[in-house]
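Chain naming here is simple, since letters A, B, ... match the order of the sequence lines and numbering starts at 1 in each.
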Amino acid sequence: MFKKLLIANRGEIAVRIVRACREMGVSPVAVYSSADQSALHVRLADEAIHIGPAPSSESYLVIEKIIAAAKRTGAEAIHPGYGFLSENAEFALAVESAGLTLIGPPASAMKIMGSKTSARRAAIEAGAPVVPGTTQPLASVEEAEALAATTGYPVMLKAAAGGGGRGMRLVRSPAEIASAFSLARSEAEASFKDSSVYIEKYIERPRHIEIQLIGDREGDFVYLGERECSLQRRHQKVVEECPSPVVDEEMRRRVGESAVRVARAAGYVNAGTVEFLVDREKNFYFLEMNTRLQVEHPITELVTGRDLVHEQIRVAAGERLSFSQDDIIMRGAAIECRIYAEDPQNDFLPSPGLIKRLSMPSGPGVRIDSGIYEGWKVPLDYDSLLAKLCVWAETREAAINRLARALDECAIEGIQTTLEFFRAVSRDREFRLGNFDTGFIDRFLADGMKTDNPEGEDDRDAQLSDIAAIAAVLHAKERAAKLDLSSAQAVESRWKLYGRISQRR
Amino acid sequence: MFKKLLIANRGEIAVRIVRACREMGVSPVAVYSSADQSALHVRLADEAIHIGPAPSSESYLVIEKIIAAAKRTGAEAIHPGYGFLSENAEFALAVESAGLTLIGPPASAMKIMGSKTSARRAAIEAGAPVVPGTTQPLASVEEAEALAATTGYPVMLKAAAGGGGRGMRLVRSPAEIASAFSLARSEAEASFKDSSVYIEKYIERPRHIEIQLIGDREGDFVYLGERECSLQRRHQKVVEECPSPVVDEEMRRRVGESAVRVARAAGYVNAGTVEFLVDREKNFYFLEMNTRLQVEHPITELVTGRDLVHEQIRVAAGERLSFSQDDIIMRGAAIECRIYAEDPQNDFLPSPGLIKRLSMPSGPGVRIDSGIYEGWKVPLDYDSLLAKLCVWAETREAAINRLARALDECAIEGIQTTLEFFRAVSRDREFRLGNFDTGFIDRFLADGMKTDNPEGEDDRDAQLSDIAAIAAVLHAKERAAKLDLSSAQAVESRWKLYGRISQRR
Amino acid sequence: MKYEAEIDGRQISIELERRDRSVSAMVDGRRYELEVLCPERGLYLIFAGERVYEARAWSAESDLFTVKLRDRVFSARVIDRKHRRSVADHSDEGRQQLTAPMPGKVVRLLREQGDEVEAGQGVVVVEAMKMQNEIKSTKAGRIVEIRVAAGDTVNANQVLAVVE
Amino acid sequence: MKYEAEIDGRQISIELERRDRSVSAMVDGRRYELEVLCPERGLYLIFAGERVYEARAWSAESDLFTVKLRDRVFSARVIDRKHRRSVADHSDEGRQQLTAPMPGKVVRLLREQGDEVEAGQGVVVVEAMKMQNEIKSTKAGRIVEIRVAAGDTVNANQVLAVVE
């Protein structure tokens with residue numbers, strides 16, 4: 001086992017890895033930018049190396065600085081967390097050339113999964129179902145028509161060089177395809193200076209699930225069930241659960257085995273996640289593979305009872321997997337809420353700043369992975385994830401009830417967060433029924449985050465709002481009084497001080 | 001299901017029950033003494049009733065006040081927690097006569113288990129092994145000799161009216177028994193004005209385990225494995241774990257079934273715990289039954305994945321058990337530390353007072369059940385349990401490592417707590433090996449809580465102690481500076497205030 | 001003492017008397033006799049008969065408060081009658097101040113001083129936490145002043161530009 | 001600045017200079033060049049080369065500090081040279097003050113004023129948190145004063161009785 005491990009990350013995930021190190025008797029080394037010197041991950045580490053100014057392009061993303069920090073402290077391994085350099089094949093190679101161990105897959109596997117085209121090819125070769133269509137550019141509108149006829153309508157035309165929704169056209173019938181094709185092409189040309197367009201079957205109201213897996217260096221793989229990640233806002237996950245409400249034992253086995261085949265085909269090692277779209281008929285399609293630890297890994301840990309970060313470190317140190325496929329038993333249900341520093345009342349605008357007060361829930365079935373503390377000034381330089389609130393309970397319904405309870409105990413004062421938004425989601429009828437797809441949150445927000453009030457709630461609302469107004473007035477008075485009082489007291493204590501000094505003389 | 005439930009308790013267990021209520025859609029009602037008006041369990045409740053001055057004999061122990069509070073708020077059920085009225089059969093009867101439901105066993109079962117003699121009789125009738133001997137007074141030294149010969153030496157002579165170790169004599173051989181008998185008798189006479197003495201086999205270096213069980217009103221019972229409770233100080237449990245390091249699947253089944261037979265014989269309903277002594281040969285002997293929820297129930301919840309408080313409430317509401325014996329699967333290992341307001345450096349003297357700062361651990365596998373908050377003044381009127389730190393991990397070893405990690409993250413400033421003591425226990429070699437009995441803690445304390453330093457640690461110690469001294473000096477300076485500064489600032493702001501006032505004029 | 005407040009957009013008047021722990025309040029004619037403790041800074045434990053409410057209150061701006069009650073979060077503005085006018089002043093007749101809705105960094109300027117802008121046209125781009133935000137003019141006019149440059153760090157509510 | 005300190009019973013001398021975040025310290029001849037941040041009240045984040053230490057410091061009495069460093073808790077007394085004598089004063093030659101080791105309630109008096117006591121004999125019983133504690137005289141003598149009565153609430157270190 002490693003004696004010392006460098007964590008090339010910040011925030012809650014760096015804290016998560018520090019904790020795993022402590023639990024394994026490995027000394028954790030932190031790196032930090034100038035914005036993060038007093039960050040929680042630094043506070044909890046044994047050693048900490050400054051790697052540059054606040055912008056991540058000059059600190060957390062600079063490969064040479066990370067390697068140098070590892071060399072300087074004598075760390076033998078590097079855990080990249082998620083984001084930053086975690087899926088950078090060049091970084092993986094640099095770590096290897098420096099004679100260090102990366103807690104992650106080999107660069108070759110990262111490369112295969114790093115490009116849409118090669119990942120899709122690998123998935124097809126491994127026999128995993130992919131969204132029907134082609135990633136090759138369409139030569140003509142006739143080819144588009146022919147392919148659309150084969151896959152069946154609706155289809156999606158996508159710019160090959162695309163991203164962010166530009167150069168995309170949904171086509172619901174053969175009548176629309178010719179004009180859509182030329183529109184998509186010209187939009188692609190305008191946006192990316194590349195008019196190539198390809199065609200894919202359009203999955204209506206899809207769900208988004210992903211399989212967690214881990215493999216050791218001897219080529220053994222185990223999948224640890226799926227996570228449901230359909231609750232997204234602008235393609236960013238906000239609520240995840242494990243297991244998915246639509247996946248049964250048999251489907252789990254099929255999707256899981258599919259995921260393992262894809263990973264094996266890519267020569268994958270260590271923890272990774274294979275994402276799938278699921279249509280209304282529960283057909284699943286390979287989407288992509290994330291070649292790193294995921295933000296939402298804790299819900300898999302809660303349900304399977306396995307510690308993914310411990311296992312990652314063990315596998316990277318050359319140990320065999322400590323469990324086999326038969327050892328993976330799903331128990332109960334877990335849900336994660338990503339607490340972002342964003343204002344749900346104001347179009348989710350970022351809200352960095354000082355955390356004046358912090359109150360986190362605890363008790364049965366609650367797990368908090370946090371990168372913040374009371375008095376910490378959340379910097380504006382990095383992404384807005386503050387902490388993750390995860391709950392576990394015997395059933396999905398019990399987990400949702402527990403989530404609502406835990407959210408009510410939770411308060412982050414000083415900045416705006418998504419807590420309020422989650423309180424509304426946890427009480428939403430459709431969410432509680434498990435009836436949702438990747439469009440749920442946009443629809444939910446368009447409806448004004450309204451939850452149905454049980455009867456008699458209107459009276460309670462009026463009273464609550466009166467009590468809230470009274471509290472606001474009390475607080476306004478208190479603040480004003482404190483200002484006066486503190487000055488008065490201080491003058492008095494100043495007198496005392498002078499008094500004491502003169503006595504001493 | 002109940003709409004409203006009154007919690008006849010305080011501290012962490014009241015908070016635990018409030019949380020269960022919230023998760024089940026039941027409105028929680030708190031009661032509080034004058035010392036507890038701003039206690040955490042009050043803060044989290046929907047309604048709160050004042051039931052008298054600080055002494056529990058005038059508040060939490062007054063049956064009429066509890067019943068009146070339930071009546072006044074319209075609560076349909078009462079959860080007594082542990083301690084206070086939880087094992088009081090008179091209270092159980094009063095609740096029943098008031099037309100309310102007690103979350104607990106019927107008064108009849110409490111009565112049977114409330115007396116040593118009737119509990120032992122019930123256990124014998126149910127076929128559970130008991131410590132060989134008799135609870136009947138010995139008529140003569142000859143009878144004592146005869147019985148000792150049957151059970152085998154060593155034996156213990158105990159005052160029938162006894163308690164607190166008085167009137168107890170350990171007899172290791174036939175030669176000692178005559179004088180021990182007369183000494184025990186006269187000590188019993190002096191202490192309790194009752195010279196009756198009985199005989200019991202003395203279990204050397206016993207372990208203390210207990211079976212958690214729960215039964216519904218239809219007479220179905222399920223046992224939820226055992227807890228190891230050997231780590232005691234002055235007969236007070238301080239560290240518990242689940243499962244016990246010495247119990248295997250087969251022994252668990254035997255002890256569990258024994259426990260269920262005892263409960264069934266007593267006409268038991270709801271959650272209860274049957275305690276056993278285990279000798280070096282793994283023979284187990286019925287000790288007593290606790291007819292209530294135990295302090296240490298969370299570790300069973302962590303390992304079995306069942307929520308005992310939810311199940312208690314469901315069963316009390318007339319529902320059938322939501323799981324069967326086959327559903328109970330033990331997964332991994334859990335440990336609980338009871339954080340007491342006591343000073344381990346000073347003979348565990350109580351340490352009530354103001355909690356100036358509070359920092360609780362979180363992350364994977366950590367559960368905190370706490371009754372305190374930063375700014376809370378721990379009253380001197382009640383027992384010293386502040387919070388429970390529980391950890392869960394895949395194996396016992398991993399759980400101990402996690403415990404050490406979590407304890408290191410934990411800080412309670414302002415009062416003395418047992419945290420430091422647990423840090424030493426978690427690093428103790430014998431504890432880590434699982435080699436202990438009920439005498440472990442006394443021996444550990446007698447050795448000065450010393451843990452073996454790994455090599456090279458002495459240098460680290462010297463450096464750490466220097467750094468600690470520097471921190472102390474920095475803090476001393478800062479405090480002194482703050483005193484000066486705050487006066488200076490205040491005078492300045494006073495000036496500004498005057499300035500503003502005069503400008504307005 | 002009388003206060004005007006606005007809570008979640010609703011205007012109310014509050015009369016409030018406090019003697020130690022006892023608070024008598026009249027909210028739009030509804031009377032409350034309360035006992036109030038303050039176990040933590042900004043935390044009010046409010047007893048109303050049998051009911052108990054834990055209210056957390058904090059403020060971002062001087063007269064704007066956030067109040068959390070269990071599962072509900074309220075925005076409350078407590079209005080001092082004397083200053084009412086000055087608070088209302090905020091949006092001037094002819095001039096429009098473009099302010100940063102969040103702390104961040106000015107990434108680039110989309111217009112220059114002296115430019116004419118349409119309503120809804122972006123003037124400055126501010127970035128924070130990897131999200132970019134176009135600060136738009138809400139009305140047509142001329143940019144009379146730009147107070148920031150690319151690269152500047154700005155606070156929430158800081159004036160970035162003035163449109164007339 | 002020079003300080004005398006006692007840490008876990010060990011006497012040390014500390015010379016310490018602080019300029020903003022930079023702290024130079026000499027502890028019994030060992031030199032430390034440190035960078036120190038204070039992210040929370042009483043919490044010192046100390047950088048020593050590559051190493052980082054999170055130290056929490058708090059005090060019960062004015063010159064007695066508790067310092068927690070990860071898994072270790074230290075007791076430190078920072079001694080102001082001028083006051084050294086007065087601190088040492090604590091235990092008088094002939095007189096012995098019996099003090100409460102903890103806050104609590106006086107349950108009963110075991111002796112009366114004027115009684116002779118042996119060393120180790122109990123004088124007052126104080127209860128807190130359901131635990132009773134006999135406060136014993138450490139030497140033989142006569143109880144010249146009892147300052148509390150049964151039922152009184154006492155603070156830690158409060159003088160309960162005086163034995164001469």
Task: Pair B:Asp381 + D:Lys130: basic N to acidic O under 4.0 Å - done: no
- [ ] Using non-hydrogen atoms and a 4.5 Å limit, figure out which bit of B:Ser351 sits close to chain D: side chain, backbone, both or neither.
- [x] backbone
Open item on the list: Tell me whether B:Lys356 at atom NZ has more than 12 heavy atoms from other residues, nucleotides or ligands lying less than 6.0 Å away.
Closed with: yes
Open item on the list: Whether D:Asp71 and B:Arg427 form a salt bridge (side-chain N of Lys/Arg under 4.0 Å from carboxylate O of Asp/Glu) is what I want to check.
Closed with: yes
Task: Interface residue of largest heavy-atom contact number with chain B, from D:Met1, D:Glu54, D:Glu40, under 4.5 Å - done: D:Glu40
Open item on the list: Tell me the closest heavy-atom pair linking B:Ala472 and D:Val67, and the distance in Å.
Closed with: CB-CG2, 3.9 Å
TODO: Apply salt bridge (Lys or Arg N to Asp or Glu O under 4.0 Å) to B:Glu413 and D:Arg41, showing your working.
DONE: CA-CA 12 Å; B:Glu413 303 179 15; D:Arg41 176 165 47 92; over 6 Å; no
TODO: Dump the intermediate steps for side chain to side chain contact (heavy atoms under 4.5 Å, CB included) on B:Glu478 and D:Cys38, then the final yes or no.
DONE: CA-CA 10 Å; B:Glu478 203 135 300; D:Cys38 187; 3.5 Å; yes
Task: Closest contact, heavy atoms only, B:Ala411 versus D:Lys68 - done: CB-CD, 4.1 Å
Task: Part of B:Ser56 lying under 4.5 Å from any heavy atom of chain D - done: side chain
TODO: Name the option with the most non-hydrogen atom pairs under 4.5 Å to chain D; the candidates are B:Ala468, B:Ala341, B:Ala404, B:Ala471.
DONE: B:Ala468
Open item on the list: Can you see whether B:Ser465 engages D:Arg72 through a side-chain donor-acceptor pair at a distance of less than 3.5 angstrom?
Closed with: no
TODO: Report, as yes or no, whether the 6.0 Å neighbourhood of atom CD on B:Glu58 holds more than 12 heavy atoms from other residues, nucleotides or ligands.
DONE: yes
- [ ] Could you tell me which of D:Thr66, D:Asp28, D:Asn133 has the largest number of non-hydrogen atom pairs under 4.5 Å with chain B?
- [x] D:Asn133
TODO: Under 4.5 Å heavy-atom distance to chain D, tell me which part of B:Arg357 shows up: side chain, backbone, both or neither.
DONE: side chain
Task: Pair B:Val473-D:Phe65, side chain to side chain contact (heavy atoms under 4.5 Å, CB included): steps then yes or no - done: CA-CA 9 Å; B:Val473 169; D:Phe65 296 87; over 6 Å; no
- [ ] Indicate the atoms forming the closest heavy-atom contact of B:Ile412 with D:Trp58, along with that distance.
- [x] O-CZ2, 3.8 Å
Task: CD1-OH distance between B:Ile470 and D:Tyr44, expressed to the nearest 0.5 angstrom - done: 13.0 Å
TODO: Report yes if the side chains of D:Glu127 and B:Pro350 come closer than 4.5 Å at any heavy-atom pair, otherwise no.
DONE: no
Task: Exercise: identify the closest heavy-atom pair between D:Met131 and B:Phe348 - done: SD-O, 4.1 Å
Task: Part of D:Ser75 within contact of chain B (heavy atom distance under 4.5 Å) - done: neither
- [ ] For each of B:Val378, B:Asn346, B:Asp466, B:Leu407, tally heavy-atom pairs with chain D at distances under 4.5 Å, and name the one with the top tally.
- [x] B:Asp466
Open item on the list: side chain to side chain contact (heavy atoms under 4.5 Å, CB included) for D:Val73 and B:Arg423? Distances and angles first, verdict last.
Closed with: CA-CA 10 Å; D:Val73 177; B:Arg423 284 191 197 104; 3.5 Å; yes
Task: D:Met129 side, atom CE; B:Leu385 side, atom CG - distance, nearest 0.5 Å - done: 9.5 Å
- [ ] Under 4.5 Å heavy-atom distance to chain D, tell me which part of B:Gln345 shows up: side chain, backbone, both or neither.
- [x] neither
Open item on the list: Which heavy atom of B:Ala469 sits nearest to which heavy atom of D:Ile14, and what is that distance?
Closed with: CB-CD1, 3.5 Å
Open item on the list: Counting only heavy atoms not in B:Lys377 (residues, nucleotides, ligands), do more than 12 fall under 6.0 Å from its NZ?
Closed with: no
